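Values in this document were obtained by computation on a predicted structure and should not be read as measured data. Just so we're on the same page: letters track the sequence lines, and every chain starts at 1. Atoms considered below: every heavy atom in the structure, side chains included; atoms not considered: hydrogens, waters and symmetry mates.
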There are 2 protein chains.
Amino acid sequence: MYDDGVNHRPEMTLAERKRRLVSDELTESALQLLALRGFDAVTIDEIVATAGVSRRTFFRYFASKEDVVVRFLADMGAGMRADLAERPVGEPPSVALLHAVRVPLATCAAHSERALRVVQLILRTPALLGRFLERQAQWRDDLARELAHRLGLGHESALYPRLAAGTALAAFDATLQRWSDADGAEDPVALLDRAFAVIAPALDSPEGR
Amino acid sequence: MYDDGVNHRPEMTLAERKRRLVSDELTESALQLLALRGFDAVTIDEIVATAGVSRRTFFRYFASKEDVVVRFLADMGAGMRADLAERPVGEPPSVALLHAVRVPLATCAAHSERALRVVQLILRTPALLGRFLERQAQWRDDLARELAHRLGLGHESALYPRLAAGTALAAFDATLQRWSDADGAEDPVALLDRAFAVIAPALDSPEGR
DNA sequence: TACGCGTTGACACTCAGTGCCAGTGAGGGC
DNA sequence: GCCCTCACTGGCACTGAGTGTCAACGCGTA
């Protein structure tokens, strides 16, 4: 989770704060350049020159050029499974999933100045979109596993959990897309609620056993 | 669409047939090697050596190493929008979308010996999955546009068409995943029908205006 | 035969990403 | 104070993906 570099938690050791500093500097430089000139037109050498570290160090913090951008969004979804696990057991899947998916979106809305630019960059850059969806596939698997566990289904590859998780993320994506298209003029959480109003009957369908 | 290299349509010019031959040879060599040893362990130099062409020629046929594998599946979805457009106008979205999405899946089932290996390779290789989902995002946009057109919605970025298209593709993906997990033991078209039985109420929801 | 056109292979080049190693600085034990 | 460990760093060399360029080749046509 990006934290703007100003949040010096005293419980962090010096080494941890140094790492965070470098990571933030790299992220800042990268987003600046990439948003300005587009993903393909910027080389890693330029990013590290701006950040003032070596190229080798870049790859100690990020797995790839795409990773700098995608991490920003992807980290938001990391806790989805935990959020879903914390929902009360009696809650219907549509409500539990909505709350799980709502968290990262609310985080986006809270940091909209920066998050919006990142989302727009990702959505209009095929290479970034691919990496993002690759990450999202992991969220989907996590959600599906947790959902299967909640419903007491054997955790083998049943159809319903994957389908429900995929549907919830389709709502997430549609929301993100619309938020991006509207340049942030609409409230993403409200959009998500509307999307879930549509898909809820599917998520709670008795067909899903 | 892959055609096994034995289908020499007489109406093709010699040059076209030569191109097809090279493309098939490259695809064949690549799938062979990649399925055997994994995506990362095979270099393009090895692929072109097996196929008997130069490295430069490879990139005249495929945009990237991932492309050889992903094309195989991705080409199946190319006609989705056209298939959707051909459905009768009075048909509810759930039925029209089911038929559109069913076509590529039926093609998979028809060439299951080869298609299954490709799908399994894609689903368990993150880089390939990313590229595939990147392509699929284009299907989604195409379906959404066609759906908006069908429903007479202004083709601006309404929420429902994107959501419906994304949900239909979530069903497609869940089906593909289960088909892959079961090593082809289940009929993908039957699985897709079951998935659509679950999501149909969402696709036809009056909430979608 | 000669010309135009598309395909090919070879070469050089940029850039992403990795392995390796030596230097450095902070923190802890003596 | 001194030394030792350990994490981080930069530099370097290397592999592999992907691209631009050009000369050569083969086919169809005038």
Are B/Asp142 and B/Met80 close enough that some pair of their side-chain heavy atoms sits under 4.5 Å apart? no
Check each of B/Asp83, B/Asp193, B/Asp187 against B/Arg102 using the salt bridge (Lys or Arg N to Asp or Glu O under 4.0 Å) test, and report the only one that passes. B/Asp193
With distance as the sole criterion, do the side chain of B/Arg56 and the base of D/dG18 form a donor-acceptor contact below 3.5 Å? no
Going by modelled atom types, is there a donor-acceptor pair between the base of D/dG10 and the side chain of A/Arg60 at under 3.5 Å? yes
Would you say a side-chain N or O of B/Tyr61 is under 4.0 Å from OP1 or OP2 of C/dT8? yes
d(B/Glu28 CD, B/Arg114 CZ) to nearest 0.5 Å is 4.5 Å
Could you give the [atom1]-to-[atom2] distance, from [X] to [N], as a whole number of Å?
X: B/Phe39; N: C/dG17; atom1: CZ; atom2: P; value: 13 Å
X: A/Leu21; N: D/dA7; atom1: CG; atom2: P; value: 20 Å
X: A/Arg17; N: C/dG27; atom1: CZ; atom2: C1'; value: 14 Å
X: A/Arg131; N: C/dA16; atom1: CZ; atom2: P; value: 12 Å
X: B/Asp40; N: D/dG16; atom1: CG; atom2: P; value: 12 Å
X: B/Glu16; N: D/dC27; atom1: CD; atom2: P; value: 16 Å

Residue [X], side-chain heavy atoms: nucleotide from [options] that is nearest:
X: A/Lys65; options: D/dG18, C/dG17, C/dG9; value: C/dG17
X: B/Phe59; options: C/dG9, D/dT19, C/dA16; value: D/dT19
X: A/Thr57; options: D/dT9, C/dG17, C/dG9; value: D/dT9
X: A/Val53; options: D/dG10, D/dT9, D/dG20; value: D/dG10

What contact category does A/Arg55 fall into here, base, sugar-phosphate, or nothing, at under 4.0 angstrom with non-hydrogen atoms? base
Over all strands shown, is B/Phe62 touching base, sugar-phosphate only, or nothing at heavy-atom distances under 4.0 angstrom? nothing
Is it true that the NZ or CZ of A/Arg19 lies under 6.0 Å from the centre of A/Tyr61's six-membered ring and within 45 degrees of the ring axis? yes
Between B/Lys18 and A/Arg19, which is nearer to the 5' end of DNA chain D once each is assigned its nearest nucleotide? A/Arg19
Angle between the end axes of the helix from C/dT1-D/dA30 to C/dC30-D/dG1, five pairs per end, to the nearest 10 degrees? 0°
B/Tyr160 side-chain N/O to A/Ala195 backbone N/O, donor-acceptor pair under 3.5 Å: no
Heavy-atom donor-acceptor pair, B/Ser180 side chain to B/Leu176 backbone, under 3.5 Å: no
Closest approach of B/Leu147 to B/Ala165 (non-hydrogen atoms, all atoms of both residues): CD2-N, 4.5 Å
